[in-house]
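None of these values were measured; they are calculated from a predicted model. In the text below, chain A, chain B and the rest are named by the order of the sequence lines, each starting its count at 1.
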Protein chains: 2
Amino acid sequence: MVSVSPCPHGYPGEACIVCKVRHISVCAALSATELSALDELAQHVRFSQRETIFLQGADADWVYNITGGVARLYTLLPDGRRQIVGFALPGDFLGLAMGKTHPFGADAIEQVSACRFSRTAFSLLIDRKPHLLRRLHEFATHELSLAQDQMTLLGRRTAEEKVIMFLLGMRERWTRLGSASVTVHLPMSRQDMADFLGLSLETVSRTLNRLAREKVIILVPDGVRITDLERLIRPVAA
Amino acid sequence: MVSVSPCPHGYPGEACIVCKVRHISVCAALSATELSALDELAQHVRFSQRETIFLQGADADWVYNITGGVARLYTLLPDGRRQIVGFALPGDFLGLAMGKTHPFGADAIEQVSACRFSRTAFSLLIDRKPHLLRRLHEFATHELSLAQDQMTLLGRRTAEEKVIMFLLGMRERWTRLGSASVTVHLPMSRQDMADFLGLSLETVSRTLNRLAREKVIILVPDGVRITDLERLIRPVAA
DNA sequence: GCCGTTGTTTGACACGCATCAATGCCGGCC
DNA sequence: GGCCGGCATTGATGCGTGTCAAACAACGGC
């Protein structure tokens, strides 16, 4: 069950690391007054593990900003095949597509907390604040560029390259969030990775374990430690 | 060699079909004064068959709007593998990513003509005209949604489904441009289709010819005629 | 006309990854 | 503590595509 409450996030300079991320990514474009206006609009919501955030095709009533946990975004084919189009980490936005309905579904991999704004309120705010729109547009074109990289990965990379690039990609995203850990946190299941990379879960598992046997990575619960970055990167670039 | 001249395009209501497309897609957000300001900025350019429009990683100095012909957009891996991330038809925009450099390369499949604006001038225009930015943002999120569909196609569809969806997708795009023909125009080579669908050119050729043998399509020079839409659609949805 | 070039078709074969299946591991719960 | 359900691992096997190769068609140049 989703729990709802006023959003308790802070502002840049305050203690909350997650919310710092959020403000850097979008709200930097807003004045203090506008930020507090946004604050009044915002609701804090929580989703438990495996809970659906929104379904593919559902009306897009809310815009979400993840403040904790990881969500998976996916499209489903009628026969059950699934493609995960992305993972949403703290700081990421969800439901920004301008259409009336969500083009993909989203659910919580671990417990997820998020700030939620009504789409209409958000839309009004955008109309009054062009600079915020510009920020959103940059975000969207960045996402587009990532999606095109992912198309190259899905269409033209081998299984091993896919897995390696996934690990490096996740590492980069976590370090960007300020996690200084050498271990890359991977809360998603093998099946999730497989559906993201266009592989079977068995191939993901085999590849991961082969890399571990070759001492390039070390498998740990809910993650991997990258021990030999050189050997990881070279076969990908070549 | 690229040929450059002042852009001769017209406005909505005038004869030029290609430019009508262009104005519907973006310039509808502009006033008549702004349109003519844009006109003065615009250059008309032509690229001959196989000519490069811009290279992956090159400085993004120009924004292009295709007015005739078809271009392919692609990323290259160091070892020569190629992924075509999209085909640009008349009316489409190129080089809109906000970054300093192009994240993908583009070249002309047939002879291509386009309107070209300097990025800085275009950027200034955007700053003065929020509504235009909104239009661009909608365009970008639409592209993002298409890219996610393509990810699903690349990761989870079989070769036959890929080819069928490509044909239906191209048909939809041409009909949207007002081409009433029953024949889908396909100016790209088998290799181009293969690199778009994550297949080998032989698999594309075999699949196309099998569909023709099953009398679902008819192969014609530079295109196909879809004769049995029912049988084409059913296996895709299922 | 003929030939060289470029793209397409078709066949034979190989291989990477999916599929099927069995076992192992771990955490939750009664 | 022991059972049970979900996820991960590992092996055996098969199939869908890729790869290699040869023949063919279309086209332009001389």
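For A/Leu219, taking side-chain heavy atoms from C-beta onward, the closest of the listed nucleotides D/dC7, C/dT8, D/dT9 is D/dT9.
Taking A/Met170 as the reference, A/Leu89, A/Phe166, A/Trp174, A/Val184, A/Leu186, A/Met188 meet the side chain to side chain contact (heavy atoms under 4.5 Å, CB included) condition, with sequence neighbours excluded. Evaluation of the side chain to side chain donor-acceptor pair (under 3.5 Å) rule for A/Glu110 yields no partner, not counting sequence neighbours. By the side chain to side chain contact (heavy atoms under 4.5 Å, CB included) test, B/Thr203 is found to be paired with B/Ala159, B/Leu199, B/Ser200, B/Thr207, residues two or more places apart in sequence or in another chain being considered. Partners of A/Thr101 by side chain to side chain contact (heavy atoms under 4.5 Å, CB included), not counting sequence neighbours, listed by chain and number: A/Asp59. Shown here are the side chain to side chain contact (heavy atoms under 4.5 Å, CB included) partners of B/Ala147, two or more places apart in sequence or in another chain: A/Leu144, A/Ala147, A/Met151. Partners of B/Gln111 by side chain to side chain donor-acceptor pair (under 3.5 Å), not counting sequence neighbours: none found.
Distance, A/Asn209 CG to C/dC17 C1': 16 Å, rounded to whole Å. Between the P atom of C/dG7 and the CG atom of B/Asp195 lies a distance of 13 Å, rounded to the nearest Å. Rounded to whole Å, atom P of D/dG11 lies 13 Å from atom CZ of A/Arg210. One interatomic measurement links the two molecules: CZ of A/Arg213 to C1' of D/dG11, which rounds to 12 Å at whole-angstrom precision. One atom, CZ of B/Arg157, and another, P of D/dG16, lie 17 Å apart when rounded to the nearest Å. For the pair B/Leu197 CG and D/dT17 C1', the interatomic distance rounds to 14 Å; values are reported in whole Å. As rounded to whole Å, 13 Å separates atom C1' of D/dG6 from atom CG of A/Asp192. Remark: P of C/dT6 and CZ of B/Arg190 are 19 Å apart, rounded to the nearest angstrom.
Relative to the axis of its first five pairs, the axis of the last five pairs of the helix from C/dG1-D/dC30 to C/dC30-D/dG1 sits at 30°, rounded to 10 degrees.
Nearest-nucleotide positions on DNA chain C place B/Leu208 closer to the 5' end than the other of A/Thr158 and B/Leu208.
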Test ring pair (Phe, Tyr, Trp, His ring centres under 6.0 Å) on A/Phe93 and A/Tyr64 and set out the steps.
-> CA-CA 6 Å; A/Phe93 275 85; A/Tyr64 298 85; over 10 Å; no

What string of B, S and - do you get for nucleotides 22-30 of chain D 5' to 3' if you count protein non-hydrogen atoms under 4.0 Å?
-> ---------

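Separating the CZ atom in B/Arg82 from the OG1 atom in B/Thr75 is a distance of 10.0 Å, to the nearest 0.5 Å.
Dashed line: the shortest gap from a side-chain N or O of B/Arg50 to OP1 or OP2 of C/dG7 is under 4.0 Å.
Using a 4.0 Å cut-off between charged nitrogen and carboxylate oxygen, A/Glu51 and A/Arg46 do not count as a salt-bridge pair. Between B/Asp192 and B/Arg72, at least one side-chain N (NZ, or NE/NH1/NH2) sits under 4.0 Å from a carboxylate O, which counts as a salt bridge.
With contacts defined as side-chain heavy-atom distances shorter than 4.5 Å, the pair A/Gln83/A/Leu73 does not qualify.
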Determine all donor-acceptor pairs shorter than 3.5 Å in which one atom belongs to a side chain in residues 216-228 of chain A; sequence neighbours excluded.
from	atom 1	to	atom 2	distance (Å)
A/Arg225	NE	A/Thr183	OG1	3.3
A/Arg225	NH2	A/Thr183	OG1	3.4
A/Thr227	OG1	A/Lys215	O	3.1
A/Thr227	OG1	A/Val216	O	2.9
A/Asp228	OD1	A/Arg231	N	3.4
A/Asp228	OD2	A/Arg231	NE	2.7
A/Asp228	OD2	A/Arg231	NH2	3.1

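For B/Phe54 against B/Gly95, the heavy-atom pair with the smallest separation is CZ-N, 4.4 Å.
Sorted by first and then second residue, the side-chain hydrogen bond (donor to acceptor under 3.5 Å, both in side chains) pairs with a member in residues 141-150 of chain B form an empty list; sequence neighbours excluded.
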Pairs: protein N or O with nucleotides 18-20 of chain D N or O, under 3.5 Å:
from	atom 1	to	atom 2	distance (Å)
D/dG18	OP1	B/Ser200	N	3.3
D/dG18	OP2	B/Ser200	N	3.0
D/dG18	OP2	B/Ser200	OG	3.0
D/dG18	OP2	B/Thr203	OG1	2.5
D/dT19	O4	B/Arg206	NH2	3.0
D/dC20	N4	B/Glu202	OE2	2.9

Please enumerate all protein N or O atoms sitting under 3.5 Å from an N or O of nucleotides 27-30 of chain C, with distances to 0.1 Å.
none

